[in-house]
Amino acid sequence: MTEHNYNPQALEENAQQYWLEQNSFAVRQDDTREKFYCLAMFPYPSGQLHMGHVRNYTIADVIARYQRMQGKNVLQPMGWDAFGLPAENAAIKHNVPPAQWTAQNIDDMRAQLRRLGFAYDWDRELATCDPDYYRWEQWFFTRLFEKGLAYKKKAEVNWCETDQTVLANEQVVDGCCWRCDNPVERREIDQWFIRITDYAEQLLTDLDQLDQWPEQVRTMQRNWIGRSEGVELDFDCNGESLTVYTTRPDTLMGATYMAVAPQHPIARQAAAGDPVLASFIESIANVKVAEAHMATMEKLGMDTGLTATHPLTGEPIPIWIANFVLMSYGSGAVMCVPAHDDRDHAFASKYQLPIVQVVDKPGCNYDAGVWQDWYAEKSSKTRTINSGEFNGRHFEEAFNGIADKLQEVGKGKRTVNYRLRDWGVSRQRYWGAPIPIINCDACGTVPVPESDLPVVLPTNVAFEGVGSPIKSMPEFYETECPACGGAATRETDTFDTFMESSWYYARYGCAQNDKAMLDAEADYWTPVDQYVGGIEHAILHLLYSRFYHKLLRDEGLVSSDEPFTRLLTQGMVLKDGAKMSKSKGNTVDPQSLIDRYGADTVRLFSMFAAPPEQSLEWSDAGVEGANRFLKRLWKLGATHIGAGAAPALDIVKLSDQQKAVRRKLHETIAKVSDDYGRRQTFNTAIAAVMELCNELGRLGSEDNDRAIMDEALRGIVLMLSPIVPHICHTLWRALGESSDILGQQWPAVDESALSRDSIELVIQVKGKVRGKVSVSADADDATIQQAALAQDNVSRFVEELGDYAMKIVPGKLVSIFPRKK
RNA sequence: GCGAGUGUGGUGGAAUUGGUAUACACAUCAGACUUAAAAUCUGACGGCUUAACGGCUAUGCGGGUUCAAGUCCCGCCACUCGCACCA
């Protein structure tokens, strides 16, 4: 090493050139080593890398490089989640076809990722907008169709009448279209669904296998699936049965009204002869299709004038139309028990509907005018009242009694219900994978035969309006029916982009295979051993991927049950306490930082500033500090190397101070190994190495000092190489090594260096620290006690106690406190 | 509204199993080097108090359990993520 100054631009270019020439990160199946598949969630190619990407990909890269140093066969691929709305918006705004815009963005972002030095096997790169990718998704969908797992039904969308188009939730601003600002309405259209509810139970129980997932993500998924046990029961309404599901059959005697969705047949029937009802229904259709909105909007309802018959009492119960009941959830109707459900209570209070208490709790006062949380309690402490033969029972007895009775009289049955709904995969957009279905007047819906796949999305399109161009392209949709040969039309809807992102991780295993969706090598690499991505994907993407993996398994394409063995959910990157966004104008461009400081500095800062799971507050000054540390490290190495070869360590001649420095080195190796492998807290690993570097400044220039410095520098370079690979690659060579640092073994702890002769104990009196004492490592309790009390500041406070007791926590502290009388 | 998190110095954060709160950095201040500045190096750095030793106090707020609580329990407050067509 001749360069005395740290020159990241040159050094990083050399390292990256070397990796490229050596093809250092291309991997194949190798049954002699343990495989490790490390994956970060692939990006949407927006055109510019942002800090969230840098953080996400650095975390994954650090783990991949660390695992390689554990001797594993490591795969880390990269690709593009290339379909989606932004490309269409760009097309409308800049008059560029989405395919062209996307391809350009991919090129730009690939160059940025390369500049950051990530250890990707680029031979496996894929883009979901490539027909070679989505053809398999189309093929798989036809398999699901044949198995009955894909079906068509009506579902609601946000509809803009002015633009004649469907809007995504994010395109609805304050209930209005973002482009034309006209109010949005709900509209029902035919859409394709996949039966994820058939897999609800597996998706729920298999969460127990995922012991290397964050507990919070498992909990969120559990709640999202929302398994409940209840009763499906029938109310009679003019000879037709009105079916509802309830988890509270125990409160059935308190049901005082029913509520149905505005689109429910009963609502339509009632509105047919009643213009007031009809206009009410119209007025409440003006609502965004989003649960959060449904839950927070004002609850509105109107009496239909119709009644349903209570299945046990035979009493008539009024039926209301309500804007918070969804036709697409369950049966589109609910029974309401205002005394014991707070939403029903609020609605009943608003419209002066009767409230009948049927559950009581000893020691609590019921007041129908004021909601209290215990009204909804399901426990052994409550007792049923006003419920005839079912009086006096706690929750479970009442539930069972009423459920049995309903079953007996043929008015209901126990069922397990899920909050999870089937996955709607149709999108009325252009930039997505075409749904491979042909509609034939004679044969109905016919899947496109495998030999005709892929159904290629035309890319040479012009956006004239806001709607999908292929919907007005007869050359695309006019076709022949594969079954009867007659004239037919293609589906012009495309797939939800979650379809592509639900199986890409498996496709990396055989990205070049043009004969099959997945093969033996894909099965070898799956499941992903470490998946890294944003916490915002905790439910949807991860649940759909888990579902898809089970579908792939049941098709015989993979042999595991779950796609991602270990999951790390990274927090967001903030600036001034807020999420970085163009609209706030608080973005930081990674490229300009790389240009200024180099990739290693950017990588180091993003790993040092916060633990991966927490949000990261961006700081320009902090980046400066990271750069300063790398300069110091470089100088430490350059000075040591410049002084010539280091002598061998002479263990017997080590001074106490040398022993202490060497102990610090091996303690650091132990800590850093734990931080990388088990805890995945790279910020504390970096801090520990910084501490060690500070300590090394105490070494002199004696032989043993130089020997320890040499040992320590090698350890530091190895330990930091996953985080700052370029500088470590260079320093490793400069330390005289001819082999590549990438495949080096992770440094080992020398247990003998860790031993201590004496330990320091903290002395607490009444819980406050009053002193410290140094005792030999094998001191007995009596010796420790004596040493503790010998301190003036301790004895001073102990005297005030009178009769005292003492507790010794081995290796940690001595606690002295008043004896209990 | 529902579900899941987070909250510690001027700032980012550390404290891993209930055991020394503030590691490691950033910023600031002081000193060294310099004609000067930058860079670099050294030191100080939660608040109040003390000549000093030391003492008191502090982990969003209010309670509780414990010899001991940032950590566990109960009740609040604030913020963040998700809510099925953003990805």
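Per chain, numbering begins at 1; letters A, B, ... match sequence-line order. Predicted model, so just to flag it, every value in this text is computed and none were measured. In what follows, every heavy atom counts, from backbone to side chain, and hydrogens, waters and symmetry copies are set aside.
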Separation between the C1' atoms of B:A21 and B:U59, rounded to whole Å
7 Å

Side chain of A:A295 only, heavy atoms from C-beta on: which candidate in B:G1, B:G19, B:A84 is closest?
B:G1

Side-chain contact check for A:K812: nearest option of B:G19, B:A4, B:A87 is B:G19

Can you tell me if A:Y375 and A:D341 form a side-chain donor-acceptor pair at under 3.5 Å?
no

When the C1' atoms of B:G9 and B:C81 are compared, how many Å lie between them, rounded to an integer?
28 Å

Does A:R679 make a side-chain N or O approach to OP1 or OP2 of B:A15 shorter than 4.0 Å?
yes

Can you check the A:L616 CG to B:C26 P distance for me, whole Å?
16 Å

Counterpart base for B:U6, defined by Watson-Crick or G-U wobble contacts under 3.5 Å
B:A78

Flag if over 12 foreign heavy atoms under 6.0 Å of NZ, A:K471
yes

Between B:A4 and B:A23, how far apart are the two C1' atoms, rounded to whole Å?
30 Å

Checking all strands, does A:P43 fall into the base, sugar-phosphate, or nothing category for heavy-atom contacts under 4.0 angstrom?
nothing

Between B:A84, B:U16, B:G12, which nucleotide has the shortest distance from any of its atoms to the side chain of A:E617?
B:G12

Please report, rounded to the nearest Å, how far the P atom of B:G3 is from the CZ atom of A:R222.
16 Å

Interatomic distance at C1', B:C24 relative to B:G13, whole Å
8 Å

Which one, B:C81, B:C24, B:C67, comes nearest to the side chain of A:F817?
B:C67

Rounded distance in Å - NZ (A:K766) to P (B:U66)
16 Å

Rounded to the nearest angstrom, tell me the gap between atom CG in A:L543 and atom C1' in B:A84.
10 Å

With the 90 degree cut-off around zero defining syn, does B:G82 come out syn or anti?
anti

Would you say A:D174 has more than 12 foreign heavy atoms packed within less than 6.0 Å of its CG?
no

From the options B:A84, B:G3, B:G19, select the nucleotide whose nearest atom is closest to the side chain of A:R421.
B:A84

Pairwise P distance, B:G60 and B:A69 [rounded to whole Å]:
15 Å

Looking only at side-chain N and O atoms, does A:S619 come under 4.0 Å of OP1 or OP2 in B:U11?
no

Would you call A:E88 and A:K93 a salt bridge, using N to O less than 4.0 angstrom?
no

Taking the side chain as C-beta and beyond, is there a heavy-atom pair between A:P8 and A:T601 under 4.5 Å?
no

Considering only side-chain heavy atoms of A:P86, which listed nucleotide, B:A87, B:A14, B:G19, is closest?
B:A87

Per atom distances to the A:K807 side chain, the nearest of B:G19, B:A21, B:C24 is B:G19

Given B:C26, B:A84, B:A87, the nucleotide with the shortest approach to the side chain of A:A621
B:C26

According to a strict under-4.0 Å criterion, is A:N793 in side-chain N/O contact with OP1 or OP2 of B:G55?
yes

Short side-chain donor-acceptor distance under 3.5 Å, A:Y418 and A:W224:
no

Please name the nucleotide paired to B:C33 by Watson-Crick or G-U wobble geometry with both distances under 3.5 Å, or report none.
none

Quickly work out the A:E170 CD to B:C81 P distance and round it to whole Å.
14 Å

Any base atoms under 4.0 Å from A:V217, or only sugar-phosphate, or nothing? Heavy atoms, all strands.
nothing

Could you work out the separation of B:A39 and B:C33 based on their C1' atoms and round it to a whole Å?
11 Å

A:F324 CZ to B:C2 P, in whole Å, measures 15 Å

Between A:D675 and A:E536, who's closer to the 5' end of RNA chain B by nearest nucleotide?
A:D675

More than 12 foreign heavy atoms under 6.0 Å from CZ of A:R698: is that the case here?
no

Integer angstrom distance from the P of B:A14 to that of B:A68
27 Å

May I ask you to say what A:L85 touches in the nucleic acid, namely base, sugar-phosphate or nothing, with a heavy-atom cut-off under 4.0 Å?
sugar-phosphate

Is there a donor and acceptor pair closer than 3.5 Å between the side chain of A:R628 and the base of B:U40?
no

A:M572 CE to B:G5 P: how many Å, rounded?
16 Å

Side chain of A:R632 (C-beta onward), nearest among B:C67, B:G12, B:C41
B:C41

Figure out the CE/P separation between A:M220 and B:G82, and round it to whole Å.
10 Å

Let me know, please, whether A:N683 or A:N694 comes out on the 5' side of the other along RNA chain B by nearest nucleotide.
A:N683

Any donor-acceptor pair under 3.5 Å joining the side chain of A:K768 to the base of B:U57?
no

Can you find a side chain N or O atom of A:R770 that sits less than 4.0 Å from OP1 or OP2 on B:C56?
yes

A:D81 and A:S501: side chain donor to acceptor below 3.5 Å
no

Side chain of A:F608 - closest among B:U16, B:C24, B:U20
B:C24

Take atom P in B:G46 and the same atom in B:U11, then report the distance between them in whole Å.
13 Å

